[in-house]
Amino acid sequence: VKCIEKHCIDSTGLWWTFDKETGELSILGAGEIPDWTLNNTPWAEYSNKVKIVTIENGVSSIGDCSFADCNSLETVTLPESVVTIGNLAFKNCSILTSIVVSKNVTNIGDGAFEGCAALTVYGYRDSFVATYTANNNVCFVAFDAVAEITVNKKKKIVYTVGDTLD
């Protein structure tokens, strides 16, 4: 039996869990992840063990330094509810290879992806993230939704990958 503890993030209405077996850090609830200073998040003791970050739909903002120095982080899942990614949010996540950013993101802070040399950001052409990545020398691949299909009674969007913009 796997036991995963649920921890409150101050009075934000958000919770976090960390699965020690899979290395998955999940942020649950609705609201904004607050700003932090480097290595001062509630999950800092796990920062070198975090491999996956999953943020639940309902979270609207990723605060400053939220996942900075998570040097084992490989995968990030951002919901469409996220509109802001804070300063240094993913700083020094050196093996982070990809992140999909929705067209709803309208603000990305300074150095959000600093030290993420392996990173490719996936997003929409003519979006804020496309401009941000071009201005900040971050690899970007554009995609456009081409079809909506149903698989196992769940709607899925099928994407076609477009040109790489750098």
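All values below were derived from every heavy atom in this structure, side-chain atoms included, with hydrogens, water molecules and symmetry-related copies excluded. Not measured: the values here are computed from a predicted model.
Across Glu56 and Leu28, no two heavy atoms sit closer than the pair OE2-CD2, 3.5 Å. Taking every heavy atom of both residues into account, Ile85 and Phe90 meet most closely at CG2-CE1, 4.1 Å. What you find for Ile27 and Leu14 is that their closest heavy atoms are CG2-CD1, 4.4 Å. Nearest heavy atom pair, residue Asn71 against residue Ile95, reads O-CG1, 3.7 Å. Here the closest heavy-atom approach between residue Thr41 and residue Cys65 is recorded as CG2-O, 3.8 Å. Minimum heavy-atom separation, Pro79 to Ser102: O-OG, 4.4 Å.
Side-chain contact check for Asn92 and Asp69: at least one donor-acceptor pair (N or O, by modelled atom type) lies under 3.5 Å. With no hydrogens or angles considered, a side-chain donor-acceptor pair links Glu24 and Thr54 at under 3.5 Å.
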Run the numbers on Thr75 and Leu73 for side chain to side chain contact (heavy atoms under 4.5 Å, CB included), then give the verdict. CA-CA 6 Å; Thr75 305; Leu73 181 58; 5.8 Å; no

Might you work through the side chain to side chain contact (heavy atoms under 4.5 Å, CB included) test for Asn107 and Val83, ending with a clear yes or no? CA-CA 7 Å; Asn107 186 34; Val83 295; over 6 Å; no

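The cluster map of Ile, Leu, Val, Met, Phe, Trp and Tyr, joined by side-chain heavy atoms under 4.5 Å apart, puts Leu96 and Leu25 in the same cluster. Linking Ile, Leu, Val, Met, Phe, Trp and Tyr residues whenever their side-chain heavy atoms come within less than 4.5 Å places Ile55 and Tyr46 in a single cluster. Hydrophobic clustering (ILVMFWY, side-chain heavy atoms < 4.5 Å, transitive): Val100 and Tyr124 are in one cluster.
Residues Leu88 and Asp110 have side chains not in contact (no heavy-atom distance under 4.5 Å, counting atoms from C-beta outward). At least one side-chain heavy atom of Val82 sits less than 4.5 Å from a side-chain heavy atom of Val105. Between Asn39 and Trp36 there is no side-chain heavy-atom pair separated by less than 4.5 Å. Contact check for Phe67 versus Ile33: side-chain heavy atoms found under the 4.5 Å cut-off. At least one side-chain heavy atom of Ile108 sits less than 4.5 Å from a side-chain heavy atom of Phe128.
Rounding to the nearest 0.5 angstrom, the gap separating the CG atom in Leu119 from the CD atom in Glu114 is 13.0 Å. The CG atom of Asp64 sits 10.0 Å away from the OG1 atom of Thr37 when rounded to the nearest 0.5 Å. Going from atom OG of Ser47 over to atom CG of Asn40 covers 11.5 Å, rounded to the nearest 0.5 Å. A distance of 12.5 Å separates OG1 in Thr133 from OH in Tyr122, rounded to the nearest 0.5 Å. Here NZ of Lys91 is found 6.0 Å from CG of Leu38. Values are rounded to the nearest 0.5 Å. To the nearest 0.5 Å, the span separating CG on Asn87 from CD1 on Ile62 amounts to 12.5 Å.
Looking at Asn136, its side chain never comes within 3.5 Å of a backbone N or O of Val138 through a donor-acceptor pair.
Using bins of under 30°, 30° to 60° and over 60° for the plane-to-plane angle, the ring pair Tyr132/Phe113 lands in the perpendicular bin. Taking the six-membered ring where the residue is Trp, Trp43 and Trp16 present perpendicular rings, their angle passing 60° and hence far from 30°.
Counting non-hydrogen atoms of neighbouring residues, nucleotides and ligands closer than 6.0 angstrom, the CG atom of Asp126 reaches no more than 12 such neighbours.
The side-chain hydrogen bond (donor to acceptor under 3.5 Å, both in side chains) search around Ser81 returns Asn57, not counting sequence neighbours.
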